[in-house]
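Reading through the structure tokens given below for one structure.
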Amino acid sequence: MAPIIIILGVFVLLPILIALVLAFYKIQILGEFNYRFNGFKNFTRLLNDDRVWIALRNTVEYVAIVVPIQTIIALGLALILNANLKGKNWFRIIFFMPTVTSSAVLTIIFLWMYNSNGLINSALAFLGLPTYNWIGDPNVALKAITIMNIWSTAPLFMVIYLAALQDIPESLYEAAAIDGASWWDKLVYITLPSLKSVTFFVVVMGIVGTFQLFDQSYIFSRGTGGPDNSTLTVVLLIYQYAFKSLDLGYAAAIALILALAIAITTLIQRYFFSEKAN
């Protein structure tokens, strides 16, 4: 086990410890390198930083929209593919294609589609629906990223659900059919309870992934978090403070707060899922 332990220690545990230490220091890397113990000043500074609260609000809104919708869509797609659907292997390939495509490439494609005269606005105009300034309107920009990420991430969780569905014994459904259960009864009383642990995993992984939104927001706003900070996320803000402002200590403090928020959210999810199981 020594090689695995060394790799984890160097590339996982050591960076975490370094970030934990940096969060309590004021660090200057330009000119003469020096550092000074700052106590809890980096953390108290968070309370008065408006951009931190804007980034947190945007991230929470993004998580609250993406996680439930992508979970429901993933389950729905898995149920469709688990049925006796003609040509379902082709549907599996088509559904899974967004997941295997680079997120940077997908973002660039969606930027083209979101253009004022792009594919989406053209389709909306053809249907007689209102069009939007997907890229430049602060009220719409985050929703545009949300739609893009739901479309690209739901297929990954679909595969997880599909594997879990195929592990449910067919005898349960046969016994329910003999008792006169409808497809809805089978879904509610057999399928969903059997998928409880998988749903917990999907929700937790979805929350962790959405809290860490960075690359799409960076490409979409060219690293600014615009328009008007509407696409500014916590991880993008960490990047800006660390690599643009070179305020490493403050960026590390924000990263620790983000890690704590993810951990607390995961524990809350675990508590509620365990309560339902009991």
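The shown structure was predicted, so the numbers you read here are calculated from the model rather than taken from an experiment.
For the 3.5 Å distance criterion, the side chains of Thr71 and Tyr161 fail to qualify, holding no donor opposite an acceptor. With hydrogens and angles left out, the side-chain atoms of Trp134 and Asn115 include no donor and acceptor closer than 3.5 Å. Judged by distance alone, the side chains of Ser103 and Asp215 do bring a donor and an acceptor atom under 3.5 Å apart. Remark: the Asn149 side chain and the Tyr62 side chain contain an N/O donor-acceptor pair separated by less than 3.5 Å.
In this structure, Glu61 pairs ionically with Lys143, as a charged nitrogen and a carboxylate oxygen lie closer than 4.0 Å.
Other residues, nucleotides and ligands place no more than 12 heavy atoms under 6.0 Å from the CZ atom of Phe201. More than 12 heavy atoms of other residues, nucleotides or ligands sit less than 6.0 Å from atom CH2 of Trp151. For Lys186, the NZ atom sits in a packed shell: over 12 heavy atoms of surrounding residues, nucleotides or ligands are nearer than 6.0 Å. Within 6.0 Å of atom NZ in Lys244, more than 12 heavy atoms from other residues, nucleotides or ligands are found, so the atom counts as buried in its surroundings.
Taking the centre and axis of the six-membered ring of Tyr241, the NZ or CZ atom of Arg45 falls inside the cone set by 45° and 6.0 Å.
Put simply, the side chain of Asp179 never gets that close to the backbone of Ala176: no donor and acceptor are under 3.5 Å apart. Under a 3.5 Å cut-off, the side chain of Asn42 and the backbone N or O of Tyr25 do form a donor-acceptor pair.
No continuous path of hydrophobic side-chain contacts links Ile69 to Met205 [ILVMFWY only; heavy atoms under 4.5 Å]. Under the 4.5 Å side-chain heavy-atom criterion for ILVMFWY residues, a single connected hydrophobic cluster contains both Leu258 and Leu47.
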* Do Leu156 and Gln70 pass the side-chain contact (heavy atoms from CB on, under 4.5 Å) test, and can you show the C-alpha distance, the side-chain angles, and the key distance before you say yes or no? -> CA-CA 10 Å; Leu156 173 62; Gln70 77 178 5; over 6 Å; no
